[in-house]
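The next block holds one structure in the form of structure tokens; read it before the comments.
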Number of protein chains: 2
Amino acid sequence: MRQNPTLKKIAERLNVSISTVSRALKDHPDISPETGRKVKELAELLEYDPNPYAVNLRTHSSKEFAIVVPSLSNFFYHSFISSIEEEARIYGYSVMIYRSSNDPTIEQEILKSCRHKRVSGIFIAITSETDNMEPFLKMDVHGIPVIFFDKVPQYESCNKICVGDEHAAMLAAEEIIKKEIPNVLGIFGDQNMSITKARLKKFATVLQQNGNDINLKTVHACSSAEAEQITWSLLPDWVGKKFTIFCMSDEILAGVMKAIQRKGLSTPTDLGLIAISDGMIPQLFYPEITYAETSGSNLGKLAFNRMMRCIAGSSFAQTIIDESKLVVGGSI
Amino acid sequence: MRQNPTLKKIAERLNVSISTVSRALKDHPDISPETGRKVKELAELLEYDPNPYAVNLRTHSSKEFAIVVPSLSNFFYHSFISSIEEEARIYGYSVMIYRSSNDPTIEQEILKSCRHKRVSGIFIAITSETDNMEPFLKMDVHGIPVIFFDKVPQYESCNKICVGDEHAAMLAAEEIIKKEIPNVLGIFGDQNMSITKARLKKFATVLQQNGNDINLKTVHACSSAEAEQITWSLLPDWVGKKFTIFCMSDEILAGVMKAIQRKGLSTPTDLGLIAISDGMIPQLFYPEITYAETSGSNLGKLAFNRMMRCIAGSSFAQTIIDESKLVVGGSI
DNA sequence: TTTTTCTCCGCAAACGTTTGCGGTAACATT
DNA sequence: AATGTTACCGCAAACGTTTGCGGAGAAAAA
């Protein structure tokens, strides 16, 4: 059970004081080149690294970010995290990943832990049931910037980075119009979610305004299984017509695809299919599914920039929307 | 920028010493019930929580585990992590998740960071290029137990928890025999990976020994795209015969499914399909794909148990294999 | 020579805990 | 009345850093 080397050890071996070693290691001007060299050599040899606990206790800063997500099995979050990690590494920060399991209680615990650890900042996608802003405001009081991403609260004055729900919905709708599809079945998520409302509204509006009397039917499903079930029961009415299904999210898409396969139908011959997705699931099928991409890595870059501004002192809140792009497969 | 409450603040408000507060908070017998109550009340009121940095500096123990994985977009790891987190919460540990991006250099950095943070233990799935055991042995010298899972090193004397490659391969083979399939196309991963060798060997052996002259052809693919390409070029030779495709992993399965769809074939009528998988992808198709499950959560439970034993002082190394089970879909 | 200015370095306090040790009452034992 | 117990509590050191301040010696200015 060996100990890590400390400033003290180095100081003793070199017959200098601890402060000298500390300063030498960070190129303080008070230190002569000679001493500086010797200290750094020995530190290198001993593989010295400052004890982060001691440093933090002294300086109250941790040089690490926390990312909190409801779930990890999610391609979108994965690319978001990758993106943040990449940037953070450049700036000498490390990042810790927390999983709230979509449970507000666990979310609270994580938040508290972050506060005590005095993380430099938090990126968080809140749970669907988070309604109390108070703990987040408390972080601010403690000087810890919070950047919300993807799942963000209603609350106005905070930093939010979101995918462009409207824009993605518009891209999908425009593609449908372009293909001159007369009938559209739109399958959306939970009616109460703001993301559902935003996507639905924009999608319907664009179709109405630009499409010459397209027949649009919309339904809602709260889970993958429900989406499958609904699609399964609705398909008989549509088959034969020229129509396209629009899936609001990956979860919906997964269910819809199962129903389609189960009916023995295939895209784009029997029906068209278009979705809003992060790109993972669309690539599992042949032909690949055309989708409006919600890019986690884009969002990551934007969020990180915002974070660095906050740390630099910018205090005003801002909402940033990332526009998406259409990835053309062969499903429509 | 408010400060967190400290022992000192509580002590001052109550006119007692810091040590008394500290002891009262942990029900030390030296403290009178009266004082204990008062301290705890105020601590509650002030939302006191010990500063983890100070505690660690003093005690050299952190009560937190690290999990290191090559990638997060992986259902298997996700269920492993969930499982560990669940157990850890019970024992009052928290867990941090690190992602090595399958890069040995980053893996090193993470390991170093864990050492300095004096984490209580590490669960790690190593990168495919990790060959140097020395950093891991060094953890041991520092008294930090390391449990390898899933991707484990060759090195003998360390703690390893793995999925039962042989057992899973056997389950798949037996299912094929049971269905009396005369022709089998086995698609495997990179020939150099130990996991490939283990699965291939067992699969072939079981088929040979128990199946009455089953015709088995095996091919290798190093990526999803390659698997698709190979399957696509091979399918014409097989279609018409009664045959089944076996996919060694999810990655392979994804590619194979695309080729199958592209040919317009469907399971189980045109061909049978069976895989070794964590269960995510098989559920995306209809009919769902039959697979031998490699369970991340099982592995998590086993790994956590082993970890707790290590912390309790058990020093001898052990390799544990988790047997898998067959999940029947309708693809064969 | 005396004074000023640098250059380089050490002292010591502080961050918030934990914990061995010792001390002071009050009470029980001779 | 003297001694031995017991129940509570505080002192102070230590964990490994960082940093303001001051000090010694040498070089430059007077």
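Values in this document were obtained by computation on a predicted structure and should not be read as measured data. Sequence lines set the chain letters: A, B, ... in the order given, protein chains first and strands last, and positions in each chain run from 1.
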Looking at [X], does any N or O in its side chain come under 4.0 Å of the phosphate oxygens OP1/OP2 on [N]?
| X | N | answer |
| --- | --- | --- |
| A:T35 | C:dC9 | yes |
| A:T6 | D:dG16 | no |
| A:Y53 | D:dA14 | no |
| A:T59 | D:dT17 | no |

- For the pair made of NE2 in B:H28 and C1' in C:dC21, what is the distance, rounded to whole Å? 12 Å
- Which residue lies more 5' along DNA chain C, comparing B:D30 with B:A54 via nearest heavy atoms: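 Counting from the 5' end, the first nearest nucleotide belongs to B:A54.
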- Query: Would you find more than 12 non-hydrogen atoms of other residues, nucleotides or ligands less than 6.0 Å from A:K38 atom NZ?
  - Reply: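 No, not enclosed.
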- If you find the nucleotide of DNA chain D closest to B:H60 and the one closest to B:G36, which residue's nucleotide is nearer the 5' end?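 Comparing both residues, the 5'-ward one is B:G36.
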- Message: Heavy-atom nearest nucleotide on DNA chain D for B:P29 versus B:L57: which residue maps closer to 5'?
- Response: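 Its nearest nucleotide being more 5', the pick is B:P29.
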- Message: I'd like to know if B:S19 reaches the base of D:dC11 with its side chain such that a donor and an acceptor end up less than 3.5 angstrom apart.
- Response: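 A donor-acceptor contact between them is present.
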- Message: Tell me if the side-chain of B:R23 makes a donor-acceptor pair with the base of C:dG20, cut-off 3.5 Å, by modelled atom types.
- Response: yes
Per-pair distances, 0.1 Å, donor-acceptor, side chain in residues 88-97 of chain B, under 3.5 Å, sequence neighbours excluded:
{"from": "B:R89", "atom 1": "NH1", "to": "A:E109", "atom 2": "OE1", "distance (Å)": "3.0"}

- Do the ring centers of B:F136 and B:F148 come within less than 6.0 Å of each other? yes
- Validate the cation-pi geometry between B:R306 and B:F316: distance from NZ or CZ to the six-membered ring centre under 6.0 Å, angle to the ring axis within 45°. yes
